[in-house]
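The first residue of the sequence shown is numbered 1, and numbering continues consecutively from there.
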Amino acid sequence: LTPLNSTPTFASYGQLPSAGDPVASCAYSPNGGTHLAVATARGLLCVQRADTVRVSDGELYEPSFARRGLGSGGIGRAGSSLSSIAWGGGSGGVAAVSGDSNAVEVFDVCVGVTKRTFSSANQMGSGSVGDATGLLDVCFVGDGGDKVLASGRRGRAFLWDERSSGGRPRAELACGGSDHRSQIHVVRASADGHTVFAGTEGGFVHVWDLRAGAKAKAAAFSLATQQKVSYPLLKSIDIASLLNDVPMLRDGPRGKVTRSAVYWCEQDPLDPRRLGFHLRSGVSGVIDLAAVGGARVSHAHCPPSPWTIAEDGATVVASEMYDANALRHRRTAAWVVNASSGAGCAALAVGAAGTRGLKFLDVSPSPTARHWVHGVTAEDVDADESAEAARMEREMFSEMEEKKLAGGGNAMDAELAMDAGRRRRRDGRGRWWRDDPIELSGPAFAVAAHPNELGTIAAGSWGSMCLLGHR
């Protein structure tokens, strides 16, 4: 894995405040990834050609579309923010939501106009913050672009259908149990549009089947009505509970894993039975939804906790190696898959919590993957570490011998070659996912993988985007 030109960045707008404007969401366009859309927490939405970013090394900022906040005229009210964007509804369609608003706005970025506005409020057009649910994440359902899904602050997700009149939600999906009032940080629909996944502040992933429920069937032919369709909750997955069922976390705590908010979850593009997740605590992994006996965690990565207890014994503070400001912002991850690989070689690209690093986690669907944890014992971990150390020693010795045989270079060159060998740590199964984080110009809040170019990753930071290449 190698950065392209030292991870070039481009500013999302001219002068930045001292802390910067955090990128809340970014996404490549579905029509071959020709454009990159970026939304910042302070309300900027811009779309730029992806090739412009690459050719100029990020030095040229020429958005084909840019506006502030939500609302007609492209101005939005003062203090308006953006929390999420998604492509859909045609090559130029982008949906945007704000945590300060109850509205979903769908733009046509090719012509710079608002195509449609949806509202989760009881009264269409009500824009006051007092009655707004506040929407945190948005996505399109299916390939047609007719259905839009967004999540709210009060344990609700909303589904709109453009074919229905009024712009009001066609369905309202409610979290269950003790999590019924938790804000939903992320909501995603399956590729076939039949299943919805929502990750919450309470640490749960809730699942709904959009084909189920008597009310849903009764209203199937009443698209023109204002009646809401009700879908029952299919299941609720407690990620902390699943992690604590794992016999041995390779790089995780030896004690009980505490519950943490779900910042991101999404199905593997090559295998819908696998659900990737990333938690506020920095823990990432994969849930096997179709495992015998129920859902289980098959892969996990547990970095050191970014929080420590202060000397007074009561105050929780960020550790010295972490950026406390960065820890306050939601982080999203991205699947990086190689469809040409027979085993479905896969990784999760995710920002290392509170640091300037971006990690590629090996979560290939095989027990030989670096972060596989199902059924792994302490003895297995010790054996793997010993084998890895021996393999690295052999590789370093081989590289030094090759350097000597080549007749060029000196001891310093040999040492650099050895260091490069360490960075290219191979997991022994023919896959090359770098284990240590790639350093960026700032912490990675939002990550997007190019749909066609396996080696291109975009990571949003403080008012800038970092473009990376990997192999």
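Aromatic ring orientation, F65 versus F107: tilted (interplanar angle from 30° to 60°). The aromatic rings of H374 and W372 sit perpendicular, their planes meeting at an angle over 60°, well past the 30° parallel limit. Ring planes of W462 and F445: perpendicular class, angle over 60° (limits at 30 and 60°).
For S64, the side-chain contact (heavy atoms from CB on, under 4.5 Å) test picks out H35, V47, with sequence neighbours left out. Evaluation of the side chain to side chain donor-acceptor pair (under 3.5 Å) rule for T355 yields no partner, not counting sequence neighbours. Scored by the ring-ring contact (aromatic ring centres under 6.0 Å, His included) test, F277 finds no partners at all (sequence neighbours excluded). A search for side-chain contact (heavy atoms from CB on, under 4.5 Å) contacts involving A290 returns R273, D288, not counting sequence neighbours. For Q267, there are no side chain to side chain donor-acceptor pair (under 3.5 Å) partners two or more places apart in sequence or in a different chain. Partners of S260 under the side chain to side chain donor-acceptor pair (under 3.5 Å) rule, at least two apart in sequence or in another chain, do not exist in this structure. Taking the side-chain contact (heavy atoms from CB on, under 4.5 Å) definition, one finds that L327 meets it with P306, W307, A318, Y322, A353, sequence neighbours left out. With sequence neighbours left out, D238 forms a salt bridge (charged side-chain N to carboxylate O under 4.0 Å, His left out) with R259. Legend: residues meeting side-chain contact (heavy atoms from CB on, under 4.5 Å) with Q183, ordered by chain and number and at least two apart, are L136, R153, H185, E201. Checked against side chain to side chain donor-acceptor pair (under 3.5 Å), R156 has the following partners two or more places apart in sequence or in another chain: E172.
Side-chain N/O atoms of S151 and D137 include no donor and acceptor closer than 3.5 Å.
In this structure, D161 contributes its side chain and R170 its backbone to no donor-acceptor pair below 3.5 Å. Under a 3.5 Å cut-off, the side chain of S29 and the backbone N or O of T34 do form a donor-acceptor pair.
Around NE2 of H194, the count of heavy atoms belonging to other residues, nucleotides or ligands within 6.0 Å exceeds 12.
Using a cutoff of 4.0 Å between basic side-chain nitrogens and carboxylate oxygens, R274 and D268 are scored as salt-bridged.
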